[in-house]
Structures are given as C-alpha cells and as structure tokens.
Amino acid sequence: MNNEVAKSDSVMFNNSLISADDALAFLLDSSIAASRIEVVSLDDSLDRVLAGNIQSTINVPGFDNSAMDGYTIALDDHQVSQKNLVFNVVDRIPAGSTGNELKMGCAARIFTGAPIPKGANTVVMQEECQLSKDGTQILIERPIKLNENIRPIGNDITKDGIILSKGRKIQPQDISLAASVGIGNLEVFKKIKVGVFFTGDELVEPGNSLTPGKIYNSNRYALVALLKQVGCDVINLGNIEDKLKATCDALESLSNQCDLIMTTGGVSVGEEDHVKPAVEKLGELNLWKIRMKPGKPLAFGKVKQVPFIGLPGNPVSSFVTFCIFSLPFIKKMQGNSHYESKIVKVKANFECKRAKPRREYARVQIDNSSETLLANLYPKQGSDVMSSVVWADGIIEIPEDTVFEKGTILNYYPMNELTR
Ligand code: AMP
Ligand code: MG
C-alpha cells in the first residue's frame, strides 16, 4: 500500500471503533519487508530470516550407502529370495572408505554410511548373518531380496533442489540441512532495530520501593523481552518524563537510529499523555479504538519516516496487542514470510449467552486429555490481571456479536506462536 492510500484510509478509521481484523490488515499493509542483507555463519544463523532460497549443489547422500552395520552382497540372479545361502567375505568397508568391486556371489563386511561397492546389490544386517569361526564366510538363513538396507544417492536431497526458502526463520533443523549440503554461511536479513521508551509518572523501576500511588513499570520489561525474543535489536531509552519536549526529543533521537519505535501507555487523550501530540508534531498518528478486549486503544503512525506503534498502558492490553498486532508487523518487517500467527481450533469449555460488541482475546489453559483440545478460561480476565497471561497456555478468540454453546470450536493461539 502506498503512503497516500495509507493516509486516507487511516483518517477514515480515526475516532471510530474498528474491527481487530481491519486493524491487523491495515498494519500488515503498512509493514515494509527488510531488504538489507548480511552474511552469517551457521552457528550465528539461529532464528535469523533467510534472505534468499538455498539451493543444493550436491546430492545427499552423494553415493549409495549402507543403512546398517552388516554385510553387503553381490547376489546372483538365482540367489534372489533363496534361503540358507553361504557367501565368502572378501572385503571390509568402514564408513569413510571405499571397497573394491564385489564379484557375484561374494560378500563384504560393511558399516553404516559406507559406500556400496560396485557389483553389490543388497545389504543384510549383521544380526541376521552367522559368521564362520575363521571369519571367512557368512550364512544367512532367511531369503534375501535385492536392494535391502541401501540408502540410494540423493535419497534426502537432490542436486539443484531448493532446500530452504527465502523468508524462512532459521531453525536448528534448517541449519543441519544447510550443513549437510556443505553450506557454511547463510545470507540473512539484517536485524531490525526497535527503539522503545515508556511514559507515566506513576511508574517506578523494580528494585526500588513504592511510594503511595506508584506502581512498578512492568510493561518496560515485557516489551523488551518480547522484542528480544523475536530477534530485534532494542534501543531502550527507559522512562521519559511526562513532558512534551522530553517526549519529542526521545522520538526524534530514536527516529535517527531505529527501524521502528514503540512505546506503552500514554496514548489516551488525557493532558498527561504527551505521546500523541509529540508523534503528531513529528510525523503522523492514527489513534485507533479497536473493537477488542483487552486493548482498545492502539496508536500507529510515523515519526519522520519511521513507523511508530504505541501500545496501551494496561499490562495485559499491552501484551496482547503486541502479540496480535505488533508481532506480525515486526515479522513482516524482518522479511519473515510466515508473519501471521497460526490458528489452532479448540473447543470452548464455556458458553457465551450474551453477544459482546468487542472481540475478546481471553486467556485459557488447554485440557488435552480428550480427543479435541478443550479451552478453560482464567476466572479473571481484566486488562490489569497479568497473572492470567502467566497462567495461560494461549489465547482464545471469542468472536464479537456472537452467542455460542459450550463445546463450540473457536480460534486459539498457543502462547509460543504469539510471542515469537
Ligand atoms: P495509560 O494508557 O497510560 O492511561 O495507562 C493505563 C493503565 O496502565 C494505568 O493504570 C497505568 O498505570 C498502567 N500502566 C501504564 N504504563 C505501565 C507500565 N509501563 N507498567 C505497568 N502499568 C502501566
Ligand atoms: Mg499514562
């Protein structure tokens, strides 16, 4: 979406309640995927996002090899499927070496991963082979088929095949696959830098004692941890004085060094809320009231050309709006092609008798003792009850404007999906 469209659409949203789906779609449209690339070693590539497709230049395995410790045999046509055959053992092939060509009717001791020698056409595991006392012959009582226990060339990966796709967040198994084709470095998107600060004269840093009317600043620690967990570099200015000048200075300084600016709290319209006028002064701001619970206010805009997201102040609202809106936005910015959270279908172990105008993102635990996953609500769902998030396995979507019976299937997001 270009800037012109973004601006006019957002004006349309202003001052009215918008649906969570519209807000997310708008945010995702505005998120511009990373283009800056760097090269990192495999050891440094975990959780980074691949900047290009990875193609294999080799077959894996690169040669037919044995899947077992045992004996490889050059079976004659008439020996196929015959019982009680005896073979002369003429060679020994450990992994990492190559054997000599095997003549028909002969066998070679072979170990897992060793190349199948020319002439051989099957492998029998050692437990099924009786070795003669002098070690020169084996007897196999059961009938033997061709191509037993042979891992053929290219069984895992074929030369020129794409093994990992651009936009993939690199996991340990991906690193293994890249290493298996001999790739030692990967091109990834550069980490995005997120600048954060916090407002609110009621906030005290943990470790200090509280005076009347004050509370500890918990959002600061939640937001920094969430950003780090999703692989962002964080520039944290800490608490900023509730003054317009101080807020403008903080925003201006972050806009010169960051790809995204985030704050929590202070986006309401009270006279102590300076984030809104400061962002408006330096760029543009759309303050949305989203038809959701917890949450409701979410600020989105730009400081100079840097995107800005202002999360609400209540800890649960701040956490949930980060998960539902900011995380997909950030993942898209990071170049991750799977930026939308995966939905799991679960059965609500509760009913909804009165339709609610706002979609609820309720904290639930999952009971997996029966065939369908069953979601149980935390009894207190207030936007100030952070214990509900700690207790929860994930978040269930209670659709707006809907009544439903116990046992209805709803959308559910496991906490792992929502936070990384
Ligand atoms: P606000 O959006 O600034 O009006 O804040 C809404 C509520 O969230 C108030 O009760 C604030 O005290 C609380 N709050 C705001 N910022 C934080 C924070 N960083 N940590 C914990 N609570 C906060
Ligand atoms: Mg405040």
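For ligands, and for the atoms within them, numbers begin at 1 and follow the listed sequence.
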Atom 9 (C) of ligand 1 - nearest protein heavy atom and its distance: E202 OE2, 4.2 Å
Shortest protein contact, atom 17 (C) of ligand 1 (heavy atom only): N219 ND2, 3.1 Å
Minimum-distance pair of heavy atoms, taken over all atoms of T247 and H274: OG1-CB, 3.7 Å
Ligand-side contact atoms (ligand 1) for residue partner N217, heavy atom cut-off under 4.0 Å: 18 (C), 19 (N), 20 (N)
Atom 10 (O) of ligand 1: the protein heavy-atom neighbour that sits closest, reported with distance to 0.1 Å: N314 OD1, 4.1 Å
Shortest non-hydrogen contact between V346 and A375, atoms and distance: CG2-CB, 4.0 Å
Under-4.0 Å heavy-atom contact with ligand 1, by part of L203 that carries it: side chain
Residue, atom name and distance, where the atom is the protein heavy atom closest to atom 22 (N) of ligand 1: I215 CD1, 3.4 Å
Minimum-distance protein heavy atom relative to atom 21 (C) of ligand 1: S218 OG, 3.4 Å
Smallest separation among heavy atoms of Q365 and A392, with atom names: CG-CA, 4.4 Å
Heavy-atom pair of closest approach, residues S318 and L311: O-CD1, 3.7 Å
Residue pair T264 / P312: nearest heavy atoms and the distance that separates them: CB-O, 3.9 Å
Identity and separation of the nearest protein heavy atom to atom 4 (O) of ligand 1: S268 OG, 3.5 Å
F189 six-ring face occupied by R36 cation (under 6.0 Å, within 45°): no
From the candidates P315, A222, G313, the one that places a heavy atom nearest atom 5 (O) of ligand 1: G313
For atom 1 (P) of ligand 1, the protein heavy atom that lies nearest, with its residue and separation: G266 N, 3.9 Å
Atoms in ligand 1 flagged as close to G265, the criterion being non-hydrogen separation under 4.0 Å: 2 (O), 3 (O)
Aromatic ring proximity, centroids under 6.0 angstrom, F325 and F300: no
Ligand-residue contact atoms, ligand 1 with Y216, heavy atoms, under 4.0 Å: 20 (N), 21 (C)
Within 6.0 Å of NZ in K169, more than 12 heavy atoms from elsewhere: yes
